Amino acid sequence: MKAAVKPGLWKKWTNQLDLQSMVWPGIIFVAIFSYIPMYGVVMAFQQYDIFNGIMDSPWAGFMHFRMFFEAPEFWNVMRNTIVISLLKLVITFPAPILLALMLNEVGNMGFKRFVQTVSYLPYFLSWVIVSGFVFSLLSVDNGTVNFLLERLNLIQEPVNFLAVPEYFWSILVSVNVWKEIGFGSIVYLAAIAGVDPALYEAASIDGASRFKQIFSITLPSISPVIIIFMILAIGNLLSAGFEDILLLATNPILRPYSDVIDTYVYRVGILNARFSYATAVGLFKAVISVILLVTANKIARKADVSLW
Amino acid sequence: MRLSLGDKMMQRSIYLLLALMSVIMLYPFWNALVISFNQGSDTALGGITLWPRAYTLENYYIVFQDRRLLNSFMITILRTLSGTALSVFFTALLAYGMSKKTLLFRKQYMVFFMITMFFSGGLIPSYMLIRSLGMLDTFWVLVIPGIISVYNMIVIRTFFAALPDGLEESAKIDGCSNYGIFFRIVIPVSGPVLATIALFTAVGYWNDWFTGAIYITKDNLLPIQTLLRQIMNSNIMTEIGSSNAIALDHMNRNRTITTKSLTMATMMIATIPIILTYPFLQKYFVKGVLIGSLKE
């Protein structure tokens, strides 16, 4: 039986050549631009040399990984990566849910639409522009934040916020919330709109306050959506940020608090041209990320929600 | 529905919070706009918040004199137009093929694509690839690597799969090939989804600065966002001033321009095209995002 399938398969495939020809440009493209770089991670195990290329560079085993674990920056970079990720998970992640819950309580449609439109706006700005706004608002000579704080007599001297390492995490997370909150809320709003109105009616007949209804009806109803996005967020745990940090932490003074794996890879790899070492660090991150993603998905499966 | 006192209080505070949030959302943008219309030396005195104090168009005048800036503006427009057209076309074509249940190896192809969403070679191997393809310092490096988006493919595919079968069957009976159906039937009825994807793709191309930062060293190929970042990190006065005799002359005669005011004007020029497109497309993109979040 099985042997008979094979020639049939080939014939079937050629019979749908037009359909296959729609898919193959995409396959070839992804093979080149995604899979070849995946193969390129063998560089992490080599002493990569530009002139020899991947084929002829000598092998180095786990040397680069060991170098990273023993590097003076290692603990700093890991701490920043994990702390910034967790801060984003605890603050940036729930913020859109909170916004969606609040928007759902708004009866005035005009006001609701206005707030939504305004809150989506930052999503469409590039990080370069956003960092420009942040520099301007926080600047020492005439930034609005210093101006306000001085007016309110909260400070005597202007503060150079982006030169104080301890402030960086708060600034980074606030800016992320500002940029992402509105856009992130779209999906949650849609999920809330899908909740059966009969549930709310029954609850209000039983005398449940709106506040109570949010906790006992809305949140449980949208929890599958929340969990899906949570899994994705956990998979990205080691991608603490890249563009945002690279653009906001231009002052090297911030590095003890701002350097994360991805910015470290960029600096060491591209700027210092230590290709093998940076690839090893990047691979380390990617592997841990996949492990986190698979684990989170497995746990979520117990609650009958999963990505695959 | 009658609201209890507690509910009313909650509602009031929600309105208040949302109003406050709207102000915080808009203020940075508004403030930058105001500064871009204010005389630089006056801005430096501080206290510019809601309205320009010394209104001027000088900042824009000088920025528009700068050849390099106009050039990178053109590069960005070209890049965004060609990238969006190519990306939407090839991604939709792929999505159409993938939406057909009869497609052989459909499952295997899907796994092949999905893997790339969760694992990638990372920055350095990608850089090596681009380098060995000879794409460093070419216009195409700004366009080609982003053409196929697996995420967008899944969004479009979900939409295609939900189209009624009857739509295509009649065309098939008339002897239409899959390409005929794709071009003459599927694309015309998919306007809103494709428009949404096009918007996001265009925003992505327009806002991307990183590709330019790592793959481009030639000044005449720099996208506006990359150039803007360079300007912000250096001194815009020397950047813009030295490249342009008229601007230099202008600055020497009346020294009212500062780095900040010029940066703000440049930022506004790099942003306003996006801001202008998005209110028109808002109702589409909300729908588009929702299609994307559906599971098959």
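Keep in mind that this is a model prediction, so the values were computed, not measured. Naming: A, B, ... by sequence-line order, numbering from 1 per chain.
Of all the heavy atoms in B:N31 and A:S136, the pair that sits closest is OD1-OG, 4.1 Å. Taking each heavy atom of B:Q11 and A:E105 in turn, the nearest pair found is NE2-O, 2.8 Å. When every heavy atom of B:P125 is checked against every heavy atom of A:T279, the shortest pair comes out as CG-CG2, 3.8 Å. In this structure, B:L104 and A:Q16 approach most closely via the heavy-atom pair N-OE1, 2.8 Å. Of all heavy-atom pairs between B:S22 and A:V118, the closest is O-CG1, 3.6 Å.
Interface remark: of the candidates B:P145, B:S13, B:A32, B:S120, B:P145 forms the most heavy-atom pairs closer than 4.5 Å to chain A. Among B:I48, B:T226, B:V203, the residue making the largest number of heavy-atom pairs under 4.5 Å with chain A is B:V203. With respect to chain B, the highest number of heavy-atom pairs below 4.5 Å among A:L283, A:V41, A:T144 belongs to A:T144. The residue among A:F133, A:Y266, A:F275 with the most heavy atom pairs within less than 4.5 Å of chain B is A:F133. Interface check for chain B: of the options A:L121, A:V225, A:L101, A:L99, the most heavy-atom pairs under 4.5 Å are formed by A:L121. Ranked by heavy-atom pairs shorter than 4.5 Å toward chain B, the options A:G282, A:A278, A:S139, A:G132 are led by A:G132. Per-residue counts of heavy-atom pairs under 4.5 Å with chain A were compared for B:G97, B:G122, B:P28; the largest is that of B:P28. The choice from A:A286, A:S131, A:S289 that makes the most heavy-atom pairs within less than 4.5 Å of chain B is A:A286. Residue with the most contacts toward chain B among A:Y123, A:W24, A:Y39: A:W24 (heavy-atom pairs, distance under 4.5 Å).
Of the inter-residue distances, the one linking A:L293 atom CG with B:M117 atom CE reads 10.5 Å to the nearest 0.5 angstrom. Here the NZ atom belonging to A:K285 is positioned 10.0 Å from the CG atom belonging to B:L123, to the nearest 0.5 angstrom. Between A:K212 atom NZ and B:D7 atom CG the span is 12.5 Å, to the nearest 0.5 Å. Going from atom CZ of A:F135 over to atom NZ of B:K260 covers 11.5 Å, rounded to the nearest 0.5 Å.
Only the side chain of A:T250 comes within less than 4.5 Å of a heavy atom of chain B; its backbone N, CA, C and O stay farther away. The contact between B:F29 and chain A is made by backbone and side chain atoms together, counting heavy-atom distances below 4.5 Å. Within the 4.5 angstrom heavy-atom criterion, only side-chain atoms of B:M10, from C-beta onward, approach chain A. A:I214 touches chain B through its side chain: at least one heavy atom from C-beta onward sits under 4.5 Å away, while N, CA, C and O do not. Interface residue B:Y109: only side-chain heavy atoms are found under 4.5 Å from chain A. With a 4.5 Å cut-off on non-hydrogen atoms, A:L189 does not touch chain B at all. Proximity to chain B involves both the backbone and the side chain of A:N108, based on heavy atoms less than 4.5 angstrom apart. For chain A, the nearby parts of B:T102 are the backbone and the side chain; heavy atoms of each come within less than 4.5 Å. Neither the backbone nor the side chain of A:L271 comes within contact range of chain B; no heavy atoms are under 4.5 Å apart. Heavy-atom distances place both the backbone and the side chain of A:A31 under 4.5 Å from chain B. Looking at A:L246, both its backbone and its side chain come within 4.5 Å of chain B, counting heavy atoms on both sides. At a 4.5 Å heavy-atom cutoff, the contact between B:M268 and chain A is made by side-chain atoms alone. For B:I24, the parts lying near chain A are the backbone and the side chain together; criterion is any non-hydrogen pair under 4.5 Å. With a 4.5 angstrom heavy-atom cutoff, B:S126 touches chain A via backbone and side-chain atoms both. With a threshold of 4.5 angstrom between heavy atoms, A:F147 approaches chain B through side-chain atoms but not through N, CA, C or O. For chain A, the nearby part of B:I130 is the side chain; its heavy atoms alone come within less than 4.5 Å. Both the backbone and the side chain of A:F124 come within contact range of chain B, judged by heavy atoms closer than 4.5 Å. Looking at B:A19, both its backbone and its side chain come within 4.5 Å of chain A, counting heavy atoms on both sides. Interface remark: B:T43 contributes backbone and side-chain atoms alike to the contact with chain A (heavy atom separation under 4.5 Å). Contacts between B:L103 and chain A at a heavy-atom distance below 4.5 Å involve backbone atoms as well as side-chain atoms. With a threshold of 4.5 angstrom between heavy atoms, B:I148 approaches chain A through its backbone and through its side chain.
Under the 4.5 Å side-chain criterion, counting only non-hydrogen atoms from C-beta, A:L125 is not in contact with B:N207. Side chains of A:Y120 and B:M25 form no contact here, defined as non-hydrogen atoms less than 4.5 Å apart. Side chains of B:M21 and A:S119 form a contact here, defined as non-hydrogen atoms less than 4.5 Å apart. By the 4.5 Å heavy-atom criterion applied to side chains, A:M38 and B:T116 are counted as neighbours. A 4.5 Å side-chain heavy-atom check between B:I144 and A:F33 finds at least one atom pair inside the cut-off. Within the 4.5 Å cutoff, the side chain of B:F182 has no heavy atoms near those of the A:D18 side chain. For the pair B:F210/A:W127, no side-chain contact is recorded, criterion being any heavy-atom separation below 4.5 Å from C-beta on. Contact check for A:M102 versus B:L17: side-chain heavy atoms found under the 4.5 Å cut-off.
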Item to check | Worked check of side chain to side chain contact (heavy atoms under 4.5 Å, CB included) between B:F105 and A:L9 | outcome: CA-CA 10 Å; B:F105 303 119; A:L9 210 57; 4.0 Å; yes

Next on the checklist: Run B:L94 and A:M22 through side chain to side chain contact (heavy atoms under 4.5 Å, CB included) and show every step you take.
Outcome noted: CA-CA 6 Å; B:L94 171 65; A:M22 293 174 146; over 6 Å; no

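Residues B:F119 and A:Y35 keep their aromatic ring centres 6.0 Å or farther apart. Ring centers of B:F200 and A:F183: under 6.0 Å apart, within the cut-off.
Counting heavy atoms of neighbouring residues, nucleotides and ligands inside a 6.0 Å radius, atom CZ of A:R113 does not exceed 12 of them. More than 12 heavy atoms of other residues, nucleotides or ligands sit less than 6.0 Å from atom CZ of B:F183.
Exactly one of B:R229, B:M267, B:M232 qualifies for a side-chain contact (heavy atoms from CB on, under 4.5 Å) with A:I129. That residue is B:M267.
Using modelled atom types, no side-chain atom of B:Y15 and backbone atom of A:F111 make a donor-acceptor pair closer than 3.5 Å. No donor-acceptor distance shorter than 3.5 angstrom exists from the side chain of B:Q225 to the backbone of A:S126, with no hydrogens or angles considered.
In summary, the side chains of B:W209 and A:E243 do present a donor paired with an acceptor at a separation below 3.5 Å, with no hydrogens or angles considered.
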